Amino acid sequence: MKRRTVPARLAIVVLLAGTLALPQLTANQFYIHLANLVLLNAIFAISLGLIMSVGQISLGHAAFVAAGGYISAVAALKFKVPPILGIVLAGLLTGVVAALLGKILLRLRGVYFVLVTFLVGQVFTLILLNWESVTQGANGLVGIPPISLFGFSISTRLRFYYFALAAFVLVLTFLWALMRSQYGRAFRSIAENVRLAEASGIDVSRYQVIAFALGSGIAGAAGAVMVHYIRFLSPDSFTFKDSITYITMLVVGGRQAMIGGVLGSLFLTPLPEMLRGFVGAQQIVYGVILLGVLMFLPEGLVSLGRFFRKRSPEAGR
Amino acid sequence: MEYATLLGQAALNGLVIGAMYMLMAAGFTLTFGIMRVVNFAHGEFYMLGAFTAFFAYVYWDIPFVLCLAIAAVTIGVLGILVERTLIRPFRDDETSGMIATLAISVIVQNAAIMMWGSAPRAMPDIVRGTLVLGPFSFPWSRLLVIAAAALIFFAFWLFMQRTRTGRAMRAVAQDQEAALLQGIRINYIYPLAFGISVALAALAGALMGPVFSVSPFIGLTPMLKAFIVVILGGLGSVPGAVAGGILLGFIESFTATMFGSLISDILQLLLVILILLVRPSGLLGQREA
């Protein structure tokens, strides 16, 4: 383990101060909105990164985001559950569901797992569309209340920015600590070589289920946070396309490092806004960037700046 | 009597979509078996095939058989180019290769939306009339799909079994290193296999164009079903794709007739999960090394 040098610590402090001061620099609500989306997408991407860190790719990640969103939204609308409780509930429930599902699905490795998570996501969208008594079908849920903390309503973009930032730092710190614990070491050894890890007495299935449940649970909770910000939710809100977007962010930012998903979100979230007015072009640019990074910068943007890199990736995949 | 009619229709529909799934899955499984590439853009080549046939048939009045050939050749050549430029760099990295095909799928679909718009277009029937057999009446247009799919698959099977190139492909699928030692050129086999694979998808799309409609979004469902079929039949297994395709077609048709299409889709997924639990390598697949 590399020890953090003084400049590195300084950088973290400067970054944190910068992110705190950031929204004060602009009065433009749209930029603040964009910053909020960057933070949320970053959480989605790094939670997917956690699942990828045990060598499995989930193409159904958006389904867990949507599941969390629906749980919290329905709880708030039908049972008047306070959103902040709903978010916790969403995280716990999606985590538990992911654990149960993972126990079955994670018997599969590699491409089989990818295919099945893809199918699970598709069926989940179908269920959302057809379970109209709860989800309102394609019309979606409207009038979802904003988060309120001790009577303080987080209803403006600026307030939400600080809430999202806190959530983001919380998730990042948790994952940072996790990856440094015995779990993180087990995850990495599994990603590097499943059979070697198995032979060394690491319970691969158990760790994969843990990573899948945690990653999906975080995605569910963050999905709930997002839903109380956007305050509208339909089966189209989070689909297969979003699962691809999260993968794109992770790959473009850098698959090997935790910070990769963050960089990916920072780079890719604002991008479609520059391409407004070109229907379809946004997606094409996403696709081209993804291909380009895969070909010419396989370790992602992270590998551009050594300074931000946490450790040099030994594993090729 | 009416029950029998219903069952007859369901069986015919099952055979039609089963034939399409068979073509889709055969191509999908070929790419995986030979190149170890999971092609998430497979459905987009189906869509491109449908559009090619649509334009050729509706705008240029070319006989449908020729339209099929045009679709297969155009999309097949496109597939070869795609393999050479976009898939080849990821030859030793299954994961990156798969993500690359996701990117290709996004690019192709959105390019199609920009060029042709997202509204579905109806394609006229190729043949009219129905075949009446006792209580059953079968539209000729559907029977044509089944016959054409069977012929196409037979040609593909002959190619794989009887030609040197087909044998070389099977050799690569079995053991790449041993095949290399025999002097089989991977740089020749891979693009060809990919081209044939997406040509099969294009043919499936061209055949189904008159049955469903043609739009940039039609590729997703057949690809989804191809995934289910290869999980049923085993990734990399061509006989598995045939058996799984027909089987899934029947399951889908009968469960949709009885319970509606949503329940049918959910049942299919449960079936897949069940099979994966019992036999992760599929019904006819071999265990992954």
Side-chain angles (χ1 to χ4, degrees), chain A residues 52 55-57 59 101 103-105 107-127 129-131 191 195 239-241 243-245 247-248 250-252 255 278-296 298 315-317, chain B residues 32 36-38 40-41 85-86 88-90 92-115 117-118 216 220-221 223-228 230-231 234-235 260-263 265-270 272-274 276-277 280-282 285 288:
Chain A
M52 272 204 192
Q56 299 277 37
I57 299 178
L59 259 183
L101 213 55
K103 261 192 151 13
I104 303 170
L105 301 184
R107 294 183 186 191
L108 306 166
R109 302 236 165 105
V111 292
Y112 284 93
F113 181 76
V114 177
L115 293 181
V116 169
T117 52
F118 174 70
L119 294 176
V120 167
Q122 291 299 318
V123 166
F124 188 71
T125 305
L126 280 178
I127 293 175
L129 276 170
N130 285 274
W131 195 10
R195 267 180 267 162
T239 63
F240 172 55
K241 280 182 187 155
S243 293
I244 298 183
T245 303
I247 291 181
T248 307
L250 207 52
V251 171
V252 169
R255 273 174 281 182
F278 302 93
V279 181
Q282 308 172 356
Q283 299 290 331
I284 295 180
V285 170
Y286 260 55
V288 170
I289 289 177
L290 179 55
L291 265 179
V293 167
L294 277 173
M295 279 187 188
F296 305 114
R317 54 177 63 194
Chain B
F32 184 79
R36 312 292 301 174
V37 168
V38 176
F40 269 95
T85 50
L86 303 177
R88 187 170 293 185
F90 309 109
D92 302 316
D93 188 347
E94 231 174 81
T95 308
S96 297
M98 187 181 67
I99 299 173
T101 65
L102 275 174
I104 294 169
S105 150
V106 169
I107 295 170
V108 170
Q109 190 187 69
N110 287 287
I113 295 172
M114 286 181 90
M115 279 190 291
S118 47
L220 182 66
T221 307
M223 184 179 73
L224 204 102
K225 302 299 180 178
F227 290 171
I228 298 182
V230 295
I231 291 173
L235 256 177
S261 59
L262 171 75
I263 302 288
D265 279 339
I266 293 176
L267 281 178
Q268 288 172 43
L269 180 86
L270 291 180
V272 166
I273 293 179
L274 196 73
L276 284 172
L277 279 175
S281 50
E288 289 248 344

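Lettering follows sequence order; numbering is per chain, from 1. What you see is a predicted model; the values in this text were computed from it and never measured. Below, each value reflects all heavy atoms present in this structure, side chains not excepted, and no hydrogens, waters or symmetry copies.
Ion pair B:R36/B:D93 not flagged as a salt bridge, since none of the NZ, NE, NH1 or NH2 atoms sits closer than 4.0 Å to an Asp/Glu carboxylate oxygen.
No part of B:M115 comes within reach of chain A, as not one of its non-hydrogen atoms sits under 4.5 angstrom from that chain. Looking at B:L220, the atoms closer than 4.5 Å to chain A (heavy atoms on both sides) all sit in the side chain, from C-beta outward. Contact annotation for B:T85: only backbone heavy atoms (N, CA, C, O) come within less than 4.5 Å of a heavy atom of chain A. Only the side chain of A:I57 comes within less than 4.5 Å of a heavy atom in chain B; its backbone stays farther off. At a 4.5 Å heavy-atom cutoff, the contact between B:Q109 and chain A is made by side-chain atoms alone. When heavy atoms are compared at a cutoff of 4.5 Å, A:I247 approaches chain B solely by way of its side chain, counted from C-beta outward. Proximity to chain B (any heavy atom under 4.5 Å) is restricted, for A:F118, to the side chain, taken from C-beta onward.
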Practice item. Please report the C-alpha distance between B:N110 and B:M114 in whole Å, then the side-chain angles of each, then the deciding distance to 0.1 Å, and finally whether the side chain to side chain contact (heavy atoms under 4.5 Å, CB included) criterion is met. Key: CA-CA 6 Å; B:N110 287 287; B:M114 286 181 90; 5.7 Å; no
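Between chain A and the options B:L86, B:I228, B:I99, heavy-atom pairs under 4.5 Å are most frequent for B:I99. Interface summary for chain A: among B:D265, B:V38, B:L262, B:V106, the most heavy-atom pairs under 4.5 angstrom belong to B:L262. The candidate with the highest count of non-hydrogen atom pairs below 4.5 Å against chain B, out of A:T248, A:I289, A:V123, A:L129, is A:V123. Among the candidates A:I244, A:V288, A:L119, the residue making the largest number of heavy-atom pairs closer than 4.5 Å to chain B is A:L119. Contact count against chain A (heavy-atom pairs under 4.5 Å) is highest for B:L224 among B:L224, B:L102, B:I266.
Between the CG atom of A:L290 and the CD atom of A:Q283 there is a distance of 11.5 Å, given to the nearest 0.5 Å. With rounding to the nearest 0.5 angstrom, the OG atom of A:S243 is 9.0 Å from the CD atom of A:Q122. Here B:T95 contributes atom OG1 and A:R255 contributes atom CZ; the two are 7.0 Å apart, rounded to the nearest 0.5 Å.
Not a single donor-acceptor pair under 3.5 Å links the side chain of B:S105 to the backbone N or O of B:A41.
Contact annotation: the side chain of B:F32 never approaches that of B:V230 to less than 4.5 Å [non-hydrogen atoms, C-beta and beyond].
Between B:F40 and B:F227, a ring centre-to-centre spacing shorter than 6.0 Å is recorded.
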